[in-house]
Amino acid sequence: MPKTPIIWKDEELSPIRDKVYQYIKQSIMQGVYKSGERIIERELADQLNVSRTPIREALFRLESQGFVKTLPRKGVVVSKLSPEEVIEIFTILSALQSLAMKLAAQKATAAQREELTQIIEEIDHALAQPNFEQEHWHFHFKINDVICQATQSPRLTQMLDGLSDYIRAFVHLGYELPGRMRKAMEENRDLARAVRDGEAELAEYFTKIHVENAKRAYLEALDKE
């Protein structure tokens with residue numbers, strides 16, 4: 001958990017409960033809080049320079065969404081998925097993402113395909129650097145933004161957003177396996193290339209492989225805990 005107190009800017013003060021919620025949620029998704037780790041209200045309140053009321057509200061909201069849970073004699077902890085839950089979630093994600101990639105490959109504009117070309121070049125450059133891991137989420141989000149726009153399907157995008165948020169809260173465990181982070185970046189690059197080239201079936205195939213590998217990495221890491 002970060003120790004330096006947060007200084008909220010004036011434009012960030014309203015509504016404070018939403019800022020607190022987003023901060024905790026992002027901390028979970030970025031692996032600052034690990035699965036099974038306890039979240040202490042008092043420490044968070046001190047860290048964020050707020051009262052404990054918005055902390056409680058945020059944790060209640062996150063619990064309703066499955067990100068955290070309250071355990072007897074332990075308090076609030078980051079949720080830990082069972083193997084069965086992991087398989088279910090990744091199965092749904094695979095179906096939705098495969099459809100999104102297929103639609104994007106079919107419908108992407110020339111400008112969007114050019115943007116993917118730029119991202120592919122940036123990924124190749126990043127992979128040649130010793131600290132390439134720091135860039136993974138940056139490219140992940142950039143590719144997803146282009147893909148979601150290219151699908152021209154707001155409802156599909158909305159479903160993916162909710163599910164992807166949930167997945168990102170737990171995939172960090174899989175990324176702890178040696179080589180998985182690099183492999184995931186390479187898979188994202190291949191996905192982007194297939195969409196850019198209009199190869200709908202190939203994009204769909206690469207997506208299923210990528211999600212399956214992510215699932216296996218998570219389950220393997222989970223088994224080692």
Same cluster (ILVMFWY, side-chain, under 4.5 Å), L177 and I209: no
Flag, side chain of S79 to backbone of G66, donor-acceptor distance under 3.5 Å: yes
Shared hydrophobic cluster for L62 and L71 (ILVMFWY, side-chain gaps under 4.5 Å): no
NZ or CZ of R180 within 45° of Y175 ring axis and under 6.0 Å: no
Donor-acceptor pair, side chain of Q118 and main chain of E114, under 3.5 angstrom: no
By ring pair (Phe, Tyr, Trp, His ring centres under 6.0 Å) - contacts of F60 (at least two apart): none
Greater than 12 external heavy atoms within 6.0 Å of K215's NZ: yes
side-chain contact (heavy atoms from CB on, under 4.5 Å) evaluation trace for E41 with R52: CA-CA 6 Å; E41 288 183 11; R52 294 173 68 171; 3.5 Å; yes
Min side-chain heavy-atom separation L93-L160 under 4.5 Å: yes
Non-hydrogen atoms of A105 and A194 that approach each other most closely: CB-O, 4.4 Å
CA sep, side-chain torsions, deciding dist, call: K69, E63, salt bridge (Lys or Arg N to Asp or Glu O under 4.0 Å): CA-CA 5 Å; K69 58 185 176 181; E63 184 166 14; over 6 Å; no
Presence of salt bridge, R61 and D18, under 4.0 angstrom: yes
Heavy-atom neighbours of H138 NE2 exceed 12 at 6.0 Å: yes
From Q65, Q26, E57, residue fulfilling side chain to side chain contact (heavy atoms under 4.5 Å, CB included) relative to Y21: Q65
Check: A217 main-chain N/O paired with E220 side-chain donor or acceptor under 3.5 Å: no
Sequence-distant partners of H140, ring pair (Phe, Tyr, Trp, His ring centres under 6.0 Å), two or more places apart: W137
L163 reachable from I87 in the ILVMFWY side-chain graph, under 4.5 Å edges: yes
Modelled atom types, side-chain donor and acceptor of Y205 and E199, under 3.5 Å: no
Side chain proximity check, M185 to F132, heavy atoms < 4.5 angstrom: yes
K25 vs F67 side-chain heavy atoms within contact, under 4.5 Å: yes
Intermediate values then yes/no, side-chain contact (heavy atoms from CB on, under 4.5 Å), R17 and R56: CA-CA 9 Å; R17 63 172 62 86; R56 292 192 188 100; over 6 Å; no
Pairs where residues 89-98 contributes a residue and the test salt bridge (charged side-chain N to carboxylate O under 4.0 Å, His left out) is met, not counting sequence neighbours: none
Side-chain touch V77/Y33, heavy atoms, less than 4.5 angstrom: no
Candidate pair V76 and R38, rule side-chain contact (heavy atoms from CB on, under 4.5 Å), full reasoning: CA-CA 6 Å; V76 178; R38 185 183 176 194; over 6 Å; no
Qualifying residue for side chain to side chain contact (heavy atoms under 4.5 Å, CB included) with I143, from I120, I123, V195: I123
Residue pairs, two or more places apart or on separate chains, that pass side chain to side chain donor-acceptor pair (under 3.5 Å) and touch residues 85-99: S82-E85
V20 versus A58, closest heavy-atom pair with distance: CG1-CB, 3.9 Å
Heavy-atom side-chain proximity of I28 to V68 below 4.5 angstrom: yes
Salt bridge R216-E212, side-chain N to carboxylate O under 4.0 Å: yes
Flag side-chain contact, heavy atom, 4.5 Å: L191 against N188: yes
Q152: side chain to side chain donor-acceptor pair (under 3.5 Å) partners, not counting sequence neighbours: none
Nearest heavy-atom neighbours spanning K34 and V78: O-CB, 3.2 Å
Minimum-distance pair of heavy atoms, taken over all atoms of R113 and R196: NH1-O, 3.1 Å
Inter- and intrachain pairs under salt bridge (charged side-chain N to carboxylate O under 4.0 Å, His left out), touching residues 122-146, at least two apart: E122-K142, D124-R189
For the student: nearest non-hydrogen atoms of A150 and K107, plus distance: O-CB, 3.4 Å
H210 versus A184, closest heavy-atom pair with distance: CE1-O, 4.0 Å
E201 atom CD: more than 12 heavy-atom contacts under 6.0 Å: no
